[in-house]
Amino acid sequence: KARFVVLGLGAALIFVGCNSRKSFEPDETSSASSAVTKTGKEAVSVMRDGVTFSDGTFLTRSGIGNIRLPEGFHYVTQSSRYVLSADDSGKIVILDRKNGKKVQETKLDFPLISALIRGNSIYYISQDDQFGLYDISAKKTTISAKVGRAFAVDTRIANPIPFQGLLLVPTLDGKLLLINPRNPRGARGFAIGNQYNLNNIIY
């Protein structure tokens, strides 16, 4: 079941829904579909933007990554410099995208669900529906704010999206946070769906 709304910001379609299944169903026209078929590897984590395999390799829309993630960690997102991985306890590991060396490791209060790396900043949503900003240079979380209550997490939850100089951050309770990276504390939010319990934004 999906709901959609046409946003004035670029008239983007945002679909809201939740599904308890944890399966990988790529579009038949995507390059990821054929890539998964050819690998023959066991997927241990499936998210909208990446699939992590049991040997630590991962698949994104760009293809198979050229580095391996630490044991027990799954792929979350990447930038031109970094690859971000997380485990189920709240730990995150930042790796150098070119050589795979560990840049930094830290632990959040709750497991990380979605994230976007922009420069040396990681904008994220954690499992308790909390928005956070982690500064890689300062090695600490500089912003942490509770967004709402969430009772379920769809593995297809969308990562934050850059849009016209701003960031759109999907939450677990059917909201979009609109964030100006120059003033992230002045974030604004608006609701997309009207459900209460199962309202993750997945697209």
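Worth knowing before you read on, the calculation uses all heavy atoms, side chains too, and leaves out hydrogens, waters and symmetry mates.
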According to a hydrophobic-cluster definition based on side-chain heavy atoms being under 4.5 Å apart (Ile, Leu, Val, Met, Phe, Trp, Tyr only), do [X] and [Y] belong together?
X    : Y    : result
L84  : L108 : yes
I67  : Y82  : no
V103 : I92  : yes
L116 : I179 : yes
I64  : V46  : yes

Which heavy atom of [X] sits nearest a heavy atom of [Y], and at what distance?
X    : Y    : answer
I143 : R185 : CD1-CG, 3.6 Å
S89  : P111 : C-CG, 4.3 Å
S121 : L133 : CB-CD1, 3.6 Å
Q130 : A145 : CG-O, 3.3 Å
R97  : S80  : NH1-CA, 3.8 Å
I117 : S79  : CG2-OG, 3.7 Å

Please determine if R68 and D55 form a salt bridge, counting it only when a charged side-chain N lies under 4.0 Å from a carboxylate O. yes
Return the [atom1] to [atom2] distance between [X] and [Y], rounded to the nearest 0.5 Å.
X    : Y    : atom1 : atom2 : value
S114 : M47  : OG    : CE    : 7.0 Å
D96  : K101 : CG    : NZ    : 8.5 Å
I94  : E105 : CD1   : CD    : 10.0 Å
Q127 : L172 : CD    : CG    : 8.5 Å
T57  : N66  : OG1   : CG    : 11.0 Å
F73  : L95  : CZ    : CG    : 9.0 Å

Go through the side-chain N and O atoms of Y75 and D49 and say whether any donor and acceptor fall under 3.5 Å apart. no
Using a 4.5 Å cut-off on heavy atoms from C-beta on, say whether the side chain of [Y] contacts that of [X].
X    : Y    : answer
Y134 : L112 : no
K41  : S54  : no
V83  : F58  : yes
S126 : D109 : no
K139 : T106 : no
T77  : Y123 : no
L167 : P181 : yes
K107 : K91  : yes

Can any side-chain N or O of N159 pair as donor or acceptor with the backbone N or O of A115 at less than 3.5 Å? yes
For the pair R149 (side chain) and D173 (backbone), establish whether a donor and an acceptor sit closer than 3.5 Å, ignoring hydrogens and angles. no
Partner of F53 under side-chain contact (heavy atoms from CB on, under 4.5 Å), picked from L59, V44, L69, is L59
Taking atom NZ of K146 as the centre, report whether more than 12 heavy atoms of other residues, nucleotides or ligands fall under 6.0 Å from it. yes
Would N120 and R81 satisfy side-chain contact (heavy atoms from CB on, under 4.5 Å), going step by step from the backbone distance to the final call? CA-CA 9 Å; N120 283 312; R81 296 177 59 189; 3.7 Å; yes
Checking side-chain contact (heavy atoms from CB on, under 4.5 Å) for the pair Y124/V76: CA distance, chi angles, key distance, verdict? CA-CA 10 Å; Y124 68 86; V76 179; over 6 Å; no
